[in-house]
Amino acid sequence: MPTPTLNAPSPAARSEQTLSHNMKLLAHHELAGFGGLGEGMAMQQTADGRRILWLAHEAAPKNFSGLDVTDPKNPKLIVQTELPHAKVRSNSLDVVGNTMAVAYQTQTVGLKPAGVDLFDISTPEHPKLISHFDCSGPHSRGVHA
């Protein structure tokens with residue numbers, strides 16, 4: 001495996017390079033400097049036809065981000081939420097219609113929040129907490145979906 005160089009071109013500079021067979025990089029977004037994504041990723045199509053890409057962050061301080069990717073060459077960050085403390089992460093999420101489930105895992109047992117939140121994302125710029133299922137306890141770090 002080749003060693004990366006310090007002068008490697010940015011993703012935007014590589015947009016014309018072949019990075020994978022039959023694929024082309026259309027855009028890149030810096031997420032306001034808060035990358036560090038987990039495996040949680042889901043797409044929502046809103047009532048007004050927009051496409052929102054939801055991304056879970058692997059570590060604090062960010063919980064999840066929403067990007068409007070209706071124009072895939074020009075993604076726009078529309079919302080980014082905060083976690084309650086630095087010892088919790090929202091590594092996984094999923095979307096069904098206008099409802100998003102976010103899984104929370106803590107660094108040590110017994111911490112909160114550890115479990116699953118459900119959000120109403122019918123207005124993606126303003127996710128609203130619907131419910132929390134608490135999985136915390138003396139032997140639990142929460143959920144890793």
Side-chain angles (χ1 to χ4, degrees), residues 1-15 19-20 23-145:
M1 177 177 253
T3 304
T5 64
L6 295 177
N7 296 325
S10 71
R14 296 189 317 243
S15 66
L19 299 176
S20 183
M23 298 181 86
K24 179 182 176 185
L25 178 64
L26 296 178
H28 176 81
H29 199 286
E30 294 290 329
L31 297 173
F34 294 100
L37 301 172
E39 60 269 10
M41 179 184 299
M43 185 75 74
Q44 172 197 21
Q45 184 165 1
T46 62
D48 61 5
R50 293 181 298 154
R51 288 184 177 7
I52 309 302
L53 178 63
W54 294 99
L55 304 165
H57 291 267
E58 191 170 50
K62 299 301 178 189
N63 186 356
F64 56 84
S65 294
L67 285 164
D68 185 331
V69 294
T70 307
D71 174 1
K73 291 184 178 183
N74 188 26
K76 296 178 180 128
L77 183 64
I78 61 168
V79 65
Q80 203 166 54
T81 62
E82 303 285 325
L83 285 165
H85 57 81
K87 293 186 178 184
V88 65
R89 68 183 190 153
S90 57
N91 54 294
S92 301
L93 60 75
D94 198 10
V95 170
V96 176
N98 289 324
T99 304
M100 180 169 58
V102 180
Y104 296 101
Q105 185 179 49
T106 59
Q107 288 180 5
T108 58
V109 299
L111 292 179
K112 292 186 178 192
V116 178
D117 277 353
L118 296 178
F119 291 89
D120 173 348
I121 54 171
S122 56
T123 305
E125 294 81 0
H126 305 287
K128 294 178 190 167
L129 180 63
I130 299 170
S131 180
H132 175 74
F133 180 75
D134 185 8
C135 296
S136 64
H139 306 289
S140 176
R141 292 181 51 215
V143 179
H144 185 104

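Values in this document were obtained by computation on a predicted structure and should not be read as measured data. Count residues from 1 along the sequence.
For the residue pair L93 and M100, the shortest heavy atom distance occurs at CD2-SD, 3.9 Å. Across all their heavy atoms, P124 and I78 have their closest contact at CB-CD1, 3.6 Å. When all heavy atoms are compared, the tightest approach of P113 to P84 is CD-CG, 3.5 Å. When every heavy atom of L111 is checked against every heavy atom of S136, the shortest pair comes out as O-CB, 3.5 Å.
In this structure the side chain of H29 never reaches within 4.5 angstrom of the side chain of S65, judged on heavy atoms. Residues Y104 and N63 have side chains in contact (heavy-atom distance under 4.5 Å, counting atoms from C-beta outward). Residues M43 and V69 meet the side-chain proximity criterion, which asks for heavy atoms closer than 4.5 Å. Using a 4.5 Å cut-off on side-chain heavy atoms (C-beta onward), L67 and L55 make contact. Counting heavy atoms from C-beta on, the side chains of I52 and V95 never come closer than 4.5 Å. Between P127 and V79, some side-chain heavy-atom pair lies under the 4.5 Å cut-off.
The local environment of NE2 in H132 is crowded, with over 12 non-hydrogen atoms from other residues, nucleotides or ligands closer than 6.0 Å.
Remark: the backbone N or O of T106 is paired with a side-chain donor or acceptor of R141 at under 3.5 angstrom. Of the possible polar contacts, one joining the S140 side chain to the C135 backbone as a donor-acceptor pair under 3.5 Å is found. No donor-acceptor pair under 3.5 Å is formed between the side chain of T123 and the backbone N or O of E125. A donor-acceptor contact shorter than 3.5 Å is absent between the side chain of S92 and the backbone of A103.
Applying the salt bridge (charged side-chain N to carboxylate O under 4.0 Å, His left out) test to every pair with at least one member in residues 97-110, sequence neighbours left out, gives no pairs at all. Evaluation of the salt bridge (charged side-chain N to carboxylate O under 4.0 Å, His left out) test over residues 101-110, restricted to residues two or more places apart or in two chains, returns none. Residue pairs meeting the ring-ring contact (aromatic ring centres under 6.0 Å, His included) criterion with at least one partner in residues 40-85, sequence neighbours excluded, are W54-F64, F64-F119.
Qualifying salt bridge (Lys or Arg N to Asp or Glu O under 4.0 Å) partners for K112, counting only residues two or more places apart in sequence or in other chains: D134. For S122, the side-chain hydrogen bond (donor to acceptor under 3.5 Å, both in side chains) criterion is met by D120, not counting sequence neighbours. The side chain to side chain contact (heavy atoms under 4.5 Å, CB included) test applied to E82 returns P61, K62, not counting sequence neighbours. With sequence neighbours left out, D94 forms a side chain to side chain contact (heavy atoms under 4.5 Å, CB included) with A42. Shown here are the side-chain hydrogen bond (donor to acceptor under 3.5 Å, both in side chains) partners of N98, two or more places apart in sequence or in another chain: Q44. Applying the salt bridge (Lys or Arg N to Asp or Glu O under 4.0 Å) criterion to R51, with sequence neighbours excluded, gives no partner residue. Partners of T70 according to the side-chain hydrogen bond (donor to acceptor under 3.5 Å, both in side chains) rule, which considers only residues two or more places apart in sequence or in another chain, are D68. In this structure, D117 has no salt bridge (Lys or Arg N to Asp or Glu O under 4.0 Å) partners at least two apart in sequence or on a different chain. Applying the side-chain hydrogen bond (donor to acceptor under 3.5 Å, both in side chains) criterion to T46, with sequence neighbours excluded, gives D48.
Rounding to the nearest 0.5 Å places CD of E58 at 9.5 Å from CD of Q105. Note that the CG atom of L118 and the NZ atom of K128 stand 15.5 Å from one another [nearest 0.5 Å].
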